[in-house]
Amino acid sequence: MTPIPDTTQKQATAQGSVIYYRDGKTVLARQGVDRRLVDLAQVPQHVRAAVIAAENRSFYDDAGVSLTGTARAVWSTVSGSQLQGGSTITQQLVRNYYSGLSQERSITRKFKEILIAMKVDQSKPKDWVLEQYLNTIYFGRGANGIQSAARAYFGKDVSDLTVAEGAYLAAVIQQPSRFADPKGADLDAIKERWQSVIDAMGQTGALTPEQVAAEKFPKLAPPKKPFELKGQAQHMLTQVTAELNRRGYTDEQINSGGLKIVTTFDKKLMQEAARAVDALLPDATPEKVRAGLAAVDPATGEVVAFYGGSPQYDSAFSAKVMAGSTFKAYTLAAALDNDFDLSTTVNGNSPLQVPSASKPIPNDNDRSYGYINLVTATQNSVNTAFVDLGQKVGLAKVAKVAELAGIPAAQLKPHEQAATFPLGVASVSAVQNASGFSTFANKGVHMEAHVVRSVTDANGVEHVVQPVATKVVGEQAAADTTYALQQVVKFGTGTAARLDDRPVAGKTGTTDKSRSVWFNGFTPQLAVAVTMYRDDNATVTIPGYGTQFGGQLPAQIWRAFMAKAMEGKPVEQFPEPSQYGYSYGYPTTPDYESDAPDDDYPPQREPDDWEESEPDGGRPFTDQPEREAPDDDFRRDSGPEQEAPPTLDLPEQDWLQEDHAPADDPRVRQGETR
């Protein structure tokens with residue numbers, strides 16, 4: 001009347017998951033129980049014989065229980081002395097494998113265990129029982145099961161264990177914690193225990209007398225320290241777990257399912273990202289200054305590297321700060337995909353009044369550029385030109401391009417109606433911005449950003465991640481956007497990001513009062529975003545460098561990382577733009593050597609993006625008189641431009657559009673409109 005339980009204890013069969021870097025070999029992290037299930041056929045005969053000799057010599061002959069051992073255990077319990085051993089391998093399996101059997105020391109539990117063991121012996125083959133037993137028991141050193149034990153004690157697979165090594169593992173079953181790393185008296189005790197197992201193998205016929213005499217105590221591998229996550233590894237694990245959850249894997253599957261998870265992270269590039277930031281930020285950098293870097297493969301959407309900074313908060317994935325002038329690239333792409341071209345002229349005069357703005361929008365130093373084409377507007381990051389372009393193309397279309405390029409609609413919607421929307425008042429993360437720019441490198445197709453390459457389950461079935469591909473803009477629009485962004489690096493605000501051996505396209509970004517600063521750029525093979533901000537929303541100032549702009553430290557960090565990331569990679573060219581040649585005032589031959597004046601490096605700051613605090617009001621639009629563009633449109637030699645408004649998304653909360661916070665909101669600082 002005592003049934004065999006139809007469920008197993010979760011911990012008895014749980015297999016921890018191993019998370020790897022993109023090479024599929026280098027371990028990034030381990031999750032859950034250290035157990036790898038193996039078939040009995042993988043366990044050598046001499047290892048099986050050692051366990052049977054140590055734990056249950058009559059295993060293949062008994063009925064699943066030992067009458068003498070059971071009688072001894074029952075008498076110990078009845079007499080009040082400590083419950084002794086005497087359990088067979090089958091009884092031990094029943095106790096540790098099936099659900100419903102408590103671990104209490106009682107006569108009732110013992111008899112229930114005996115009856116179930118007898119039924120298991122009648123219904124299951126002996127080899128099945130031994131296989132489950134070897135995969136279930138704990139061996140010490142955090143190892144559950146014979147395969148993990150072989151790795152923990154001897155650094156090899158179970159199939160490669162020698163007779164002496166197998167005997168050692170059999171010897172530790174009785175007291176795994178004591179013999180995990182034996183020293184002194186414990187070492188003497190385990191040597192004696194090991195010898196008794198070897199002798200028992202001789203008595204059972206598993207070894208000849210000559211073999212018994214020849215066996216030597218094995219050399220143990222030093223115990224591994226508990227697996228620790230260092231540096232950016234905790235951020236990597238957090239992102240991998242979050243993505244697995246989004247793809248339908250539960251935490252229980254991740255911790256107990258024995259998964260092999262291959263990530264997109266390149267270990268070398270992860271190190272280079274940290275090195276680039278650490279090398280360029282001085283030791284005196286204030287603690288409140290945060291830096292984030294993200295690198296995305298345009299062809300696949302894989303996040304191959306990032307730098308999140310603080311262990312407490314990730315500045316690559318989690319921190320969302322105002323995009324500033326980097327957002328102008330999405331505005332440009334939207335226009336070029338909607339019947340505009342690079343020769344389209346826009347109003348670069350300052351200030352510019354539009355119907356939806358309550359006050360005129362200026363350029364830096366109120367500088368007017370006249371009516372300029374989109375290449376000039378991009379190279380010089382002219383605010384009024386992009387506000388004008390946004391009005392012409394339609395802000396909804398700008399938002400649509402940004403959303404299709406991977407920036408969530410929830411981050412765009414609160415700002416979409418503002419005239420300054422094209423200037424980057426919406427907040428984004430470094431990963432989102434790098435992923436967005438990767439669209440231009442990938443001929444207008446956005447590949448979903450992701451951090452997991454494949455998942456192989458405990459049965460060896462591999463599931464390869466297939467990222468969603470989204471057409472954002474046409475191929476020619478992407479090529480033309482890229483061409484304009486190349487001029488930013490060649491001649492404009494991003495000259496500090498030039499690479500000597502290959503073409504680069506990119507965009508600087510600096511918000512109002514330098515609350516966040518960016519450089520976002522790409523080669524055909526890799527898109528990288530670098531951001532700096534303060535967690536208190538104050539101006540980013542670095543001792544020895546002063547107030548920061550996108551073309552300064554962010555661009556230099558970008559260049560330091562990309563120089564290493566592109567090392568040894570083939571030089572690939574960007575596609576040709578429409579009407580390629582002198583139409584836009586630039587030579588047709590590539591120019592990757594630094595030909596800027598000496599005072600261009602470090603580069604001059606790009607314009608601060610104007611912050612519009614009351615986007616819903618304003619006077620009727622009036623055209624500014626047409627003015628001739630200055631001669632130095634293509635080679636800036638004057639002072640700072642202006643760039644994007646605040647609305648920095650702090651780690652603690654996301655800011656919405658500037659005028660949406662109530663007047664008594666405690667987050668509103670003196671003199672600021674939020």
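Remember, it's a predicted structure, so these values are computed and weren't measured experimentally.
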Verify the distance criterion only: is there a donor paired with an acceptor across the side chains of Thr263 and Arg453 at less than 3.5 Å? no
I need the Gln15 CD to Gln147 CD distance, nearest 0.5 Å. 10.0 Å
Will you find, in the side chains of Gln232 and Tyr307, an N or O donor that is under 3.5 Å from an N or O acceptor? no
What distance do Glu165 atom CD and Lys219 atom NZ have between them, rounded to the nearest 0.5 Å? 12.0 Å
Sorted by chain and number, sequence neighbours left out, ring-ring contact (aromatic ring centres under 6.0 Å, His included) with Tyr168 holds for Tyr153, Phe217
Is there a side-chain contact between Ile198 and Val163 in this structure, where contact means two heavy atoms from C-beta onward sitting under 4.5 Å apart? yes
Quick check with a 6.0 Å cut-off and a 45 degree axis cone: is Lys260 positioned over the face of Tyr20's six-membered ring? yes
In Å and rounded to the nearest 0.5 Å, what is the OH to NE2 distance from Tyr313 to His235? 10.0 Å
Cation-pi, Trp128 ring and Lys124 (6.0 angstrom, 45 degrees): yes
Could you walk me through whether Tyr330 and Phe437 satisfy the side-chain contact (heavy atoms from CB on, under 4.5 Å) test, starting with their C-alpha distance in whole Å, then the side-chain angles of each, then the deciding distance to 0.1 Å, before giving a yes or no? CA-CA 8 Å; Tyr330 305 114; Phe437 270 45; 3.5 Å; yes
Tell me whether Lys471 at atom NZ has more than 12 heavy atoms from other residues, nucleotides or ligands lying less than 6.0 Å away. no
Looking at Arg247 and Glu448, does any basic side-chain N land under 4.0 Å from a carboxylate oxygen? yes
Can you list the steps and then say if Val428 with Trp518 is a side-chain contact (heavy atoms from CB on, under 4.5 Å)? CA-CA 11 Å; Val428 299; Trp518 291 85; 3.8 Å; yes
Ignoring hydrogens and geometry beyond distance, is a side-chain donor-acceptor pair present between Gln312 and Ser310 at under 3.5 Å? yes
Going from CZ on Arg30 to CG on Leu237, what distance comes out if it is rounded to the nearest 0.5 angstrom? 13.0 Å
Tell me every residue that passes side-chain contact (heavy atoms from CB on, under 4.5 Å) with Ala295, counting only those two or more places apart in sequence or in another chain. Val304, Ala305, Leu526, Val528, Phe561
Of all heavy-atom pairs linking Gly406 and Gln432, the shortest is O-CG, 4.3 Å
Step-by-step side-chain hydrogen bond (donor to acceptor under 3.5 Å, both in side chains) determination, Asp127 to Tyr60: CA-CA 9 Å; Asp127 281 355; Tyr60 278 103; 2.7 Å; yes
Check whether any side-chain heavy atom of Thr136 lies under 4.5 Å from a side-chain heavy atom of Leu93, and answer yes or no. yes
Using the rule given for side-chain contact (heavy atoms from CB on, under 4.5 Å), can you reason through Val65 versus Thr90, listing the C-alpha separation, both sets of side-chain angles and the distance that settles it, and then say yes or no? CA-CA 7 Å; Val65 296; Thr90 308; over 6 Å; no
Any chance the side chains of Ser315 and Tyr533 put a donor and an acceptor closer than 3.5 Å? yes
I want to check something: taking the side chain as every heavy atom from C-beta on, are Pro176 and Phe139 in contact at a cut-off of under 4.5 Å? no
Rounded distance (nearest 0.5 Å) linking atom OG of Ser123 with atom CE of Met118: 12.0 Å
When you compare the side chain of Asp181 with that of Leu220, does any pair of heavy atoms fall below 4.5 Å? no
Rounded to the nearest 0.5 Å, what separation is found between the CG atom of Leu37 and the CD atom of Glu131? 8.5 Å
Is there a side-chain contact between Val158 and Pro44 in this structure, where contact means two heavy atoms from C-beta onward sitting under 4.5 Å apart? yes
Please identify each residue that fulfils ring-ring contact (aromatic ring centres under 6.0 Å, His included) with Phe265, with sequence neighbours left out. Phe306
Phe59 side chain near Thr88 side chain, heavy-atom distance below 4.5 Å: no
Do the side chain of Glu243 and the main chain of Val240 share a donor and acceptor less than 3.5 angstrom apart? no
Between Arg151 and the options Asp160, Asp34, Asp157, the salt bridge (Lys or Arg N to Asp or Glu O under 4.0 Å) test singles out Asp157
Answer yes if the side chains of Ser58 and Asp61 hold a donor-acceptor pair under 3.5 Å, and no otherwise. no
Quick one: does any side-chain atom of Thr456 pair with a main-chain N or O of Glu462 as donor and acceptor, under 3.5 Å? no
Under 4.0 Å between a Lys/Arg side-chain N and an Asp/Glu carboxylate O for Lys126 and Asp62? yes
Indicate the atoms forming the closest heavy-atom contact of Ile557 with Met532, along with that distance. CD1-SD, 4.5 Å
Under 6.0 Å from the CE atom of Met566, do we count more than 12 heavy atoms belonging to anything else shown? yes
Test item: Glu403 and Leu412 side chains (from C-beta on) under 4.5 Å apart, heavy atoms: yes
Do Asp297 side-chain atoms and Gly301 backbone N/O form a donor-acceptor pair below 3.5 Å? no
A side-chain contact here means heavy atoms from C-beta on lying under 4.5 Å apart; do Asp266 and Tyr21 qualify? no
Does the pair Glu55 and Arg48 meet the rule for a salt bridge (charged side-chain N to carboxylate O under 4.0 Å, His left out), with working shown? CA-CA 11 Å; Glu55 292 296 312; Arg48 302 184 217 174; over 6 Å; no
Just by distance, do the side chain of Trp194 and the backbone of Ala164 share a donor-acceptor pair under 3.5 Å? yes
Nearest heavy-atom contact between Ala505 and Thr482 is CB-O, 3.7 Å
Apply the test side-chain contact (heavy atoms from CB on, under 4.5 Å) to residues Asn442 and Val445: give CA-CA distance (whole Å), side-chain angles for both, the deciding distance (0.1 Å), then the verdict. CA-CA 6 Å; Asn442 197 39; Val445 177; 3.8 Å; yes
Test your reading of the model: is there a side-chain donor-acceptor pair from Glu302 to the backbone of Thr264, 3.5 Å cut-off? no
Checking side-chain polar atoms at under 3.5 Å, does Ser435 have a donor or acceptor matched by the opposite partner on Asn433? no
Give a yes or no on whether the backbone of Gly145 and the side-chain of Arg35 come within a donor-acceptor separation of less than 3.5 Å. no
Side-chain donor/acceptor of His46 to backbone N/O of Leu161, under 3.5 Å: yes
Please say whether the positively charged group of Lys507, taken as NZ for Lys or CZ for Arg, lies over the ring of Phe519, i.e. under 6.0 angstrom from the six-membered ring centre and within 45 degrees of the axis. no
